[in-house]
S.K.: 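Encoded as structure tokens, here's the structure I'll be asking about.
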Amino acid sequence: MGTREPWWNGAVIYQLMPRSYADGNGDGIGDLQGLASRLSYLRWLGVEAIWLTPIYPSPLQDGGYDITNFKDIHPELGDLAAFHRLLTAAHGQGIKVILDLVLNHTSDLHPWFQRARWAAKGSLERDVYVWSDDPHRYADAPVLFRHFESSNWEWDEVAGQYYLHRFLRHQPDLNYENPWVQEEMLGVVDFWLERGVDGFRLDAVPFLFEAEGSRCEGLPDTHAFLRKLRARVDAHGRDVLLVAEAIQPVDEAKPYLADDELHGAFNFVLTAHLFAAVASGTCKELCNALEEAQRAVPGCRWALPLRNHDELWLGDGHLVSEDVIQVIRAGLHQGQGHWLNWGINRRLAPLLNGDPRPNRLLHGLLYSLPGMPHLYYGDELGMGDWPGLRDRDPNRTPMAWTPARNGGFSSAPDPLLVLPPITAPGYDYRVVNVEVQKQLPGSLLNWHRRMLTCRRLLPALRRGTFELLESSHPSVIVYSRCIETMTVLVAANLSGAGASLHLDLSRWQGERTREALWGCEYPPASADWFIYLPAYGFSWWLIGEVEESVEFSANDALSSPA
């Protein structure tokens with residue numbers, strides 16, 4: 001790839017569930033045709049890539065993560081021709097497409113598993129999965145879905161053995177000790193790369209190999225296979241993103257980001273600390289988490305989510321400390337009442353009790369910290385959720401497009417919808433939708449568009465160095481993002497009360513200082529520079545003169561045709 005900057009460096013990635021995004025044929029289920037029809041919206045919003053949750057054939061017992069064929073499209077979503085049309089249209093809009101690649105397991109209805117359970121014990125066909133006569137093997141590996149499963153093993157009557165499932169019992173784990181499994185999964189990667197996809201989000205990547213006396217997470221053999229995967233991807237000769245879903249502390253997630261392994265990994269520790277900072281109104285622990293992440297892997301290689309299709313994962317004290325977990329549970333809205341497995345099962349807006357101020361604050365941090373910000377579909381609107389739906393379905397409901405029936409998601413009769421649209425007070429789709437918010441200059445949607453426009457025009461926020469600056473206020477975090485031609489100063493107040501403080505900007509003494517989002521002039525930088533931030537307020541400032549190519553008016557940028 002040479003020295004050319006890869007496309008994902010600082011890219012904003014938009015996660016969506018195709019089944020819940022847009023219905024193109026009126027059957028009540030979102031599909032690839034519907035998604036293709038909404039690409040102009042995504043380009044207008046300003047995201048650079050879309051990550052699709054699994055689109056493969058599946059019995060859908062786990063939202064499509066239980067797969068029966070890795071090389072096809074679920075018929076409810078379309079077919080390979082529809083995927084080709086979507087990919088071509090997305091590339092025409094300048095949008096990259098990332099697929100979810102589920103390496104760890106399949107559905108128990110996958111032909112591989114059906115052959116395995118009928119094959120002779122110890123045969124190559126049986127050993128495509130992990131089997132045991134003893135259900136107490138790997139006893140140190142935690143049960144991930146403890147709300148649904150009491151063990152990582154399930155008895156199979158036909159096979160006469162137990163099979164391993166680190167996830168749900170209908171998702172048996174593949175056996176990566178078997179070279180055939182490794183080659184088959186590398187063949188899956190080849191299949192989709194030959195069709196033009198731009199990247200993969202590697203689901204549940206720590207669990208590929210097992211070993212006694214360990215948590216069976218991130219073992220050396222797993223990293224060896226990922227290096228083999230990276231080499232196979234590089235052999236295709238183009239920029240393809242590989243990002244790991246590794247719900248682990250930073251020091252355990254760091255090895256995935258070796259130069260010969262993956263390009264990115266989700267920083268779920270930082271996600272937890274962002275919520276804890278808002279819940280507590282203090283930023284000391286958040287600053288520590290940011291410094292730890294940058295010490296471990298400097299630069300922009302961390303993927304940064306706030307919410308996604310899963311619960312807000314907090315873990316059992318392994319990911320973050322029990323003190324941080326209790327701060328989040330006590331400080332976020334209804335956190336106690338919606339605890340699922342290892343985290344909180346709510347969308348972002350309800351977690352924040354519908355208050356747009358901390359919502360903007362968290363995204364303002366996300367868009368200015370080093371890494372790849374991830375925006376979950378509907379969060380740009382402040383969409384709500386539907387507590388009481390099965391498993392993690394409360395935060396997987398249909399996208400709200402218009403005030404029309406079903407939020408413009410589908411023309412199908414209500415009983416046929418994949419999930420019900422949101423009608424809860426404060427989040428009703430007739431009010432919280434794209435069509436209405438586009439027309440309101442002060443809406444959350446238009447705010448996101450402005451932020452993404454400004455980020456695009458401020459390359460220091462995409463790829464600049466990161467340095468925490470001294471803050472005399474316990475609720476205010478201050479940092480700089482710098483490249484040779486630009487310095488952006490960021491300050492954010494994580495509390496529900498206003499904050500004023502003096503900053504030492506003597507290193508930029510006398511330099512011109514402007515608020516970046518609106519272009520307002522501030523006093524020149526000095527050793528005693530005063531700022532006031534309202535409750536949950538934040539600002540980006542440009543310090544010094546910048547190249548003419550990045551001089552801009554945010555209003556001009558936003559008024560240009562989409």
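All heavy atoms count here, side chains included; hydrogens, waters and symmetry mates do not.
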S.K.: For this output row, return yes or no: ring centroids of Tyr176 and Phe225 closer than 6.0 angstrom.
M.R.: yes

S.K.: Kindly confirm or rule out a cation-pi arrangement of Arg450 over Trp518, judged by NZ or CZ under 6.0 Å from the six-membered ring centre and within 45° of its axis?
M.R.: yes

S.K.: Salt-bridge test for Glu5 and Arg463: reply yes if a basic N is under 4.0 Å from a carboxylate O, no otherwise.
M.R.: yes

S.K.: Can you tell me how far the OG1 atom of Thr222 sits from the CG atom of Leu226, to the nearest 0.5 Å?
M.R.: 6.5 Å

S.K.: From the options Arg396, Arg347, Arg346, Arg392, select the one residue that forms a side-chain hydrogen bond (donor to acceptor under 3.5 Å, both in side chains) with Asp385.
M.R.: Arg346

S.K.: If we ignore angles and hydrogens, is there a donor and acceptor under 3.5 Å between the side chains of Ser495 and Asn493?
M.R.: yes

S.K.: Verify the neighbour count for atom CD of Glu484: are there more than 12 heavy atoms of other residues, nucleotides or ligands below 6.0 Å?
M.R.: no

S.K.: If we count only N and O atoms by modelled type, under 3.5 Å, do the side chains of Ser526 and Asp528 hold a donor and an acceptor together?
M.R.: no

S.K.: Find out whether the Lys NZ or Arg CZ of Lys438 is both under 6.0 angstrom from the six-membered ring centre of Trp44 and within 45° of the ring's axis.
M.R.: yes

S.K.: Side chain to side chain contact (heavy atoms under 4.5 Å, CB included) for Leu375 and Ile13? Distances and angles first, verdict last.
M.R.: CA-CA 6 Å; Leu375 178 62; Ile13 298 172; over 6 Å; no

S.K.: Establish, yes or no, whether the cationic atom of Arg449 lies under 6.0 Å from the six-membered ring centre of Tyr41 and within 45° of the ring axis.
M.R.: no

S.K.: Tyr479 vs Phe466 aromatic rings, parallel, tilted or perpendicular, using cut-offs 30° and 60°?
M.R.: tilted

S.K.: Test Arg307 against Phe275 for side chain to side chain contact (heavy atoms under 4.5 Å, CB included), laying out the working first.
M.R.: CA-CA 10 Å; Arg307 291 297 297 111; Phe275 280 106; 4.1 Å; yes

S.K.: Going from CG on Asp203 to CZ on Arg201, what distance comes out if it is rounded to the nearest 0.5 angstrom?
M.R.: 4.5 Å

S.K.: For the side chain of Ser443 and the backbone of Leu440, is there at least one donor-acceptor N/O pair under 3.5 Å apart?
M.R.: yes

S.K.: Could you tell me whether the side chain of Arg360 reaches within less than 4.5 Å of the side chain of Leu444, counting heavy atoms only?
M.R.: yes

S.K.: Could you give me the CA-CA distance, side-chain angles and deciding distance for Tyr65 and His309, then say whether ring-ring contact (aromatic ring centres under 6.0 Å, His included) is met?
M.R.: CA-CA 12 Å; Tyr65 285 88; His309 63 293; 5.3 Å; yes

S.K.: Once you round to the nearest 0.5 Å, how far does CH2 of Trp447 lie from CD of Gln437?
M.R.: 12.5 Å

S.K.: Give a yes or no answer on whether the side chain of Arg238 reaches the backbone of Leu193 with a donor-acceptor pair at less than 3.5 Å.
M.R.: yes

S.K.: Are a donor atom and an acceptor atom from the side chains of His363 and Asp379 found within less than 3.5 Å of each other?
M.R.: no

S.K.: Could you tell me which non-hydrogen atom of Cys287 sits nearest to which non-hydrogen atom of Leu468, and how far apart they are?
M.R.: O-CD1, 3.6 Å

S.K.: Test your reading of the model: is there a side-chain donor-acceptor pair from Tyr536 to the backbone of Ala492, 3.5 Å cut-off?
M.R.: no

S.K.: I'd like to know whether the aromatic ring centres of His374 and Phe266 sit less than 6.0 Å apart in this structure.
M.R.: yes

S.K.: If we ignore hydrogens and angles and just use 3.5 Å, is the side chain of Glu380 paired with the main-chain N or O of Gly378 as donor and acceptor?
M.R.: yes

S.K.: If you count heavy atoms of other groups shown closer than 6.0 angstrom to CG of Asp259, is the number above 12?
M.R.: no

S.K.: Please check: side-chain N/O of Asn395 versus main-chain N/O of Asn308, any donor-acceptor pairing under 3.5 Å?
M.R.: yes

S.K.: Step through it carefully: locate the ring centre of His502, locate the ring centre of Trp529, and say whether they are under 6.0 Å apart.
M.R.: no

S.K.: How many angstroms lie between CG in Leu208 and CG in Asp221, if you round to the nearest 0.5 Å?
M.R.: 10.0 Å

S.K.: Does Gly299 offer a backbone N or O that forms a donor-acceptor pair with the side chain of Gln294 under 3.5 Å?
M.R.: yes

S.K.: Whether the Asp100 and Trp51 side chains hold a donor-acceptor pair (N or O, under 3.5 Å, no angle test) is what I'd like checked.
M.R.: yes

S.K.: Taking the ring centre of each residue, are Tyr256 and His223 less than 6.0 Å apart?
M.R.: yes

